[in-house]
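Working notes for the structure below.
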Amino acid sequence: MDLAYIPSPSTGVIHLGPIPLRGYAFCIIIGVFVAVWLGNRRWIARGGKPGTVADIAVWAVPFGLVGGRLYHVITDYQLYFGEGRNWVDAFKIWEGGLGIWGAIALGAVGAWIGCRLRGIPLPAWADALAPGIALAQACGRWGNWFNQELYGRATDLPWALKISEGPNRVAGTYHPTFLYESLWCVGVALLVIWADRRFKLGHGRAFALYVAAYCVGRGWIEYMRVDEAHHILGVRLNVWTSIVVFLLAVTYLVLSAKLRPGREAIVEPDREPAAAGSEAGSASTDAVKADTAKADAAKADAASGAGTGVAAKAASGAVPKAGSEDAAAKAAAVATEAAAPKSGAGSTSKAGVAAEDAESEPKEAGAKAPEAKKL
């Protein structure tokens with residue numbers, strides 16, 4: 001008689017009218033939100049802009065889902081293309097079946113596209129997101145609990161998982177490998193956060209640490225699982241994958257530390273230049289305004305000087321005497337008005353008009369003088 005065990009849900013889907021709400025999908029969605037939230041905090045702490053992580057995740061998440069499904073379908077093709085199987089089931093992602101290796105690989109392609117569009121380095125973005133990815137996996141593994149899948153060998157431990165009778169499964173109590181992996185991923189996230197603060201990991205090394213640490217746990221958890229899988233030399237395929245990826249991650253850690261030590265000083269290069277360019281543009285605008293003001297002042301001075309000169313000429317008697325008293329008075333009045341610095345262009349034009357009037361009035365007076373003699 002089992003004294004204690006972890007119960008499994010009777011169903012992995014709840015229908016809200018005609019809309020099915022699936023536990024597996026909810027776990028994936030929650031994991032994505034956790035990863036983006038934590039990644040955004042870490043990105044800002046490194047000097048990045050708010051929202052950049054989410055913008056790039058728009059590319060990474062769809063690519064990751066497709067990659068995860070492709071890996072699962074390819075490595076477990078007999079579940080969809082074997083005798084008596086329906087290949088259409090390969091598209092039913094809500095029924096479970098995402099390979100983390102394919103999700104990370106193709107998700108990285110999507111993230112690379114997003115980073116290229118934003119002009120930021122992919123390794124820096126991956127470092128910021130690494131602990132969040134581990135936590136997303138921790139959340140996503142609970143989807144296996146809703147679907148009663150990917151459990152381990154039979155056991156009578158107090159934390160055994162009770163599985164009910166169903167397609168491709170036998171009722172009993174088994175090792176809750178979904179729970180083991182979920183807890184391991186939480187530990188990986190904490191490890192990466194600690195190591196990143198302690199050693200200032202950069203240039204993709206925080207992400208490489210996450211990959212290596214996850215592979216260690218995934219390797220021994222795979223040995224406990226009893227679900228159908230391909231074997232190579234008597235070892236499950238995912239165990240071999242864990243070994244190969246672990247070695248690649250450790251190699252990258254060592255070489256990167258030697259070739260590019262330290263952490264990136266600037267993760268979004270366009271942040272500082274944009275501010276500098278704004279200040280330079282403001283200074284240039286101020287300089288243009290100052291030059292324009294000086295030019296206007298010079299024009300006003302010139303106009304004032306021209307008006308004063310015309311008034312002096314009229315007052316000194318340079319205008320002919322015959323019939324010139326009214327003309328001189330008019331010229332002096334106009335010149336005085338022109339000398340007042342109302343505006344640069346207007347003052348200059350009035351000064352010119354005053355000069356022309358002063359010259360034209362004496363000519364008219366001189367033309368009338370002979371007629372006066374005849375009379």
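No hydrogens, no waters, no symmetry mates; every other heavy atom, side chains included, goes into these values.
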Start with the C-alpha gap between Ile28 and Leu98, add the side-chain angles, then the distance that decides, and say whether side-chain contact (heavy atoms from CB on, under 4.5 Å) holds. CA-CA 10 Å; Ile28 298 296; Leu98 289 175; 4.1 Å; yes
Is there a path of hydrophobic side-chain contacts, each under 4.5 Å between heavy atoms of I, L, V, M, F, W or Y residues, that connects Leu259 with Leu209? no
Minimum-distance pair of heavy atoms, taken over all atoms of Cys139 and Cys27: O-CB, 3.4 Å
Flag yes if more than 12 heavy atoms outside Leu247 fall under 6.0 Å of its CG atom; otherwise flag no. yes
Cluster link Leu237 to Ile100, ILVMFWY, side chain under 4.5 Å: yes
Here the salt bridge (charged side-chain N to carboxylate O under 4.0 Å, His left out) pairs for residues 244-255, sequence neighbours left out, are none
Less than 4.0 angstrom from a charged side-chain N to a carboxylate O is my criterion; do Asp55 and Lys49 meet it? no
Apply the hydrophobic cluster definition, ILVMFWY joined by side-chain contacts under 4.5 Å directly or through others, and give me every member besides Tyr77. Val73, Leu79, Tyr80, Phe81, Trp87, Val88, Phe91
Evaluate the criterion side-chain contact (heavy atoms from CB on, under 4.5 Å) for residue pair Tyr71 and Asn238; output intermediate values, then yes/no. CA-CA 11 Å; Tyr71 181 89; Asn238 281 330; 3.0 Å; yes
Check for me, please, whether Val186 and Phe207 land in the same ILVMFWY cluster - side-chain distances under 4.5 Å, paths through other members count. no
Under 4.5 Å side-chain linkage, directly or through intermediates, the cluster mates of Val244: Leu248
Enumerate the salt bridge (charged side-chain N to carboxylate O under 4.0 Å, His left out) contacts for residues 233-244, please, sequence neighbours excluded, ordered by first and then second residue. Glu222-Arg236, Asp227-Arg236
4.5 Å side-chain heavy-atom contact, Tyr24 and Glu149: yes
Hydrophobic cluster membership, with links at side-chain heavy-atom distances under 4.5 Å among I/L/V/M/F/W/Y: are Val53 and Leu65 in one? yes
Kindly compute the distance separating CZ (Phe146) from OG (Ser10), expressed to the nearest 0.5 Å. 10.5 Å
Considering all heavy atoms of both residues, which atom of Gly204 and which atom of Pro123 are nearest to each other, and what is their separation? N-CB, 3.6 Å
Inter-residue atom distance Gln148.CD - Thr11.OG1, 0.5 Å rounding: 9.5 Å
Give me the atom names and distance for the closest heavy-atom approach of Ala60 to Trp125. CB-CH2, 4.2 Å
To the nearest 0.5 Å, atom CZ of Arg69 lies from atom CD1 of Ile93 at 6.0 Å
Roughly how far apart are Ser8 OG and Phe178 CZ, rounded to 0.5 Å? 7.0 Å
Is it the case that over 12 heavy atoms from other parts of the model lie below 6.0 angstrom from the CH2 atom of Trp101? yes
Any ion pair linking Arg263 and Asp127 (charged N to carboxylate O, less than 4.0 Å)? no
Less than 4.5 Å apart, side chain to side chain, heavy atoms only: is that true for Trp43 and Ile120? yes
Determine whether Asp156 and Tyr5 make a side-chain contact, defined as any pair of heavy atoms from C-beta on separated by less than 4.5 Å. no
Would you compute the distance between atom CG of Leu150 and atom CZ of Arg141 and round it to the nearest 0.5 angstrom? 6.0 Å
Inspect the surroundings of CZ in Phe199 and state if more than 12 heavy atoms from other residues, nucleotides or ligands are less than 6.0 Å away. yes
When you measure from the side chain of Asp76 to the backbone N and O of Ala229, does any donor-acceptor pair fall under 3.5 Å? no
Ignoring hydrogens and geometry, is there a side-chain-to-backbone donor-acceptor pair from Trp145 to Pro9 under 3.5 Å? no
Pro20 meets the side chain to side chain contact (heavy atoms under 4.5 Å, CB included) criterion, sequence neighbours left out, with Val13, His15, Arg22
Please say yes or no: joined through hydrophobic side-chain contacts below 4.5 Å, possibly via intermediate residues, are Ile44 and Trp37 part of one cluster? no
Val36 and Ala57 have their tightest heavy-atom pair at CG2-CB, 3.9 Å
Rounded distance (nearest 0.5 Å) linking atom CG of Leu179 with atom CG of Leu161: 9.0 Å
Heavy atoms of Pro131 and Ala128 approach each other most closely as CD-O, 3.9 Å
In terms of heavy-atom contacts, Ser256 and Gly202 come closest through OG-O, 4.5 Å
Would you say the side-chain atoms of Gln137 and Tyr210 include a donor-acceptor pair closer than 3.5 Å? yes
Trace of the side-chain contact (heavy atoms from CB on, under 4.5 Å) decision for Tyr252 with Val211: CA-CA 11 Å; Tyr252 180 87; Val211 172; over 6 Å; no
Sorted by first residue and then second, give each salt bridge (charged side-chain N to carboxylate O under 4.0 Å, His left out) pair with at least one member in residues 198-216; sequence neighbours left out. none
Could you go through Arg169 and Tyr174, starting from their C-alpha distance and side-chain angles, then the distance that decides it, and tell me whether this counts as side-chain contact (heavy atoms from CB on, under 4.5 Å)? CA-CA 11 Å; Arg169 63 176 186 256; Tyr174 302 87; over 6 Å; no
